[in-house]
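Presented below is the structure to which this report refers.
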Amino acid sequence: MDIRFINILKSIEIAEKRTQIKNKKPKKEFRLFALIIGLTISSVILALLSYAFSYKHLLLVSLIILMIAYFIVIITPFFTAYQNRNKIKKSYTLPFCLAIDLNIKKEFIIDQHYLPALIAIDKNELELGLLEIKHERTFLEKRIFLITGPVDKLGILPGIISSFAAATKFADPNGWLMGITYGYIALVILSLFFYHIMMRYDRMIALTELAISTKPNTAN
């Protein structure tokens with residue numbers, strides 16, 4: 001496969017990151033995600049310490065921290081909505097224009113810049129690259145479903161229920177219940193990470209297909 005194809009796809013993501021840094025986009029959403037990870041790790045460490053030293057009060061603190069992490073997962077969309085409240089107000093008057101500015105404009109400018117470079121690559125190389133991307137996306141999707149399947153179907157509700165159940169049965173906790181309580185939040189974090197990668201694959205596939213469609217058909 002022509003290495004240019006791979007380099008162009010990598011350059012697109014690099015350009016997006018630079019645009020985000022320039023516009024200060026990662027901001028508080030990333031901080032909330034980092035906070036969720038930090039709270040989860042702290043909760044697991046405290047749980048391990050509670051079992052190591054047979055100190056149940058540490059386990060209770062661990063469960064409280066874990067429930068806080070779940071709570072942050074729930075309120076993050078509402079926090080984002082509040083943060084963009086002025087834009088949401090404008091969306092009632094010009095919803096389509098706002099959606100374009102927020103979700104399409106940046107990607108459109110970057111894709112428009114790199115599309116000619118993709119078109120310049122040989123069609124056979126593009127088709128081979130597209131085949132490889134689709135194969136990797138399918139393989140990744142199967143791996144994601146194997147690991148985070150329950151999250152995809154049920155959301156975070158089982159984790160919240162198991163956390164409350166573990167807290168109410170604190171005097172006599174069940175091993176399987178504690179496993180679900182701590183393991184499910186890890187699945188939630190993994191699913192958030194993997195779905196972002198899946199969206200990236202879908203966009204690169206669509207862009208490559210567009211580049212192939214613009215090339216003239218060769219006679220057999």
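Basis for what follows: all heavy atoms, side chains included, without hydrogens, waters or symmetry-related copies.
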Out of curiosity, [X] [atom1] to [Y] [atom2], how far, rounded to the nearest 0.5 Å?
X	Y	atom1	atom2	result
L130	L118	CG	CG	11.0 Å
E136	I197	CD	CD1	9.5 Å
T138	Y201	OG1	OH	10.5 Å
L35	S42	CG	OG	9.0 Å

Ignoring hydrogens, what is the shortest heavy-atom contact between [X] and [Y]? Give both atom names and the distance.
X	Y	answer
D122	R4	N-NH2, 4.5 Å
F5	G129	CE2-CA, 3.6 Å
L126	I121	CD1-O, 3.9 Å

Worksheet item: Would I212 and I119 count as a side-chain contact (heavy atoms from CB on, under 4.5 Å) if you check the C-alpha gap in whole Å, the side-chain angles of each, and the deciding distance to 0.1 Å?
Response: CA-CA 7 Å; I212 293 174; I119 296 175; over 6 Å; no

Practice prompt. Take I72 and L39 through the side-chain contact (heavy atoms from CB on, under 4.5 Å) test and state the conclusion after the steps.
Written response: CA-CA 10 Å; I72 293 175; L39 289 173; 3.5 Å; yes

Worksheet item: When you check the gap from the basic side-chain N to the acidic O, do E209 and K134 get nearer than 4.0 Å?
Response: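 Looking at E209 and K134, the cut-off is met.
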
Discussion item. If we check side-chain contact (heavy atoms from CB on, under 4.5 Å) with I110, which of these qualifies: L115, L207, I12?
Written reply: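 The residue from L115, L207, I12 that satisfies side-chain contact (heavy atoms from CB on, under 4.5 Å) with I110 turns out to be I12.
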
Worksheet item: Should I133 and L9 count as side-chain neighbours, where that means a heavy-atom distance under 4.5 Å?
Response: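 Side chain of I133 against side chain of L9, heavy atoms only: contact under 4.5 Å found.
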
Discussion item. Taking I14 as the starting point, is it possible to reach I6 by hopping between hydrophobic residues whose side chains are less than 4.5 Å apart?
Written reply: no

Discussion item. I need the full list of salt bridge (charged side-chain N to carboxylate O under 4.0 Å, His left out) pairs touching residues 108-120, with sequence neighbours left out, sorted by first then second residue.
Written reply: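 The answer is D111-R203.
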
Worksheet entry | Main-chain N/O of L58 paired with S62 side-chain donor or acceptor, under 3.5 Å | no

Item to complete: Look at the side chain of S43 and the backbone N and O of T40, then say whether any donor-acceptor pair between them is shorter than 3.5 Å.
Response: no

Worksheet item: side-chain contact (heavy atoms from CB on, under 4.5 Å) between R137 and E141: does it pass, once the steps are laid out?
Response: CA-CA 6 Å; R137 186 208 178 280; E141 184 179 23; 3.1 Å; yes

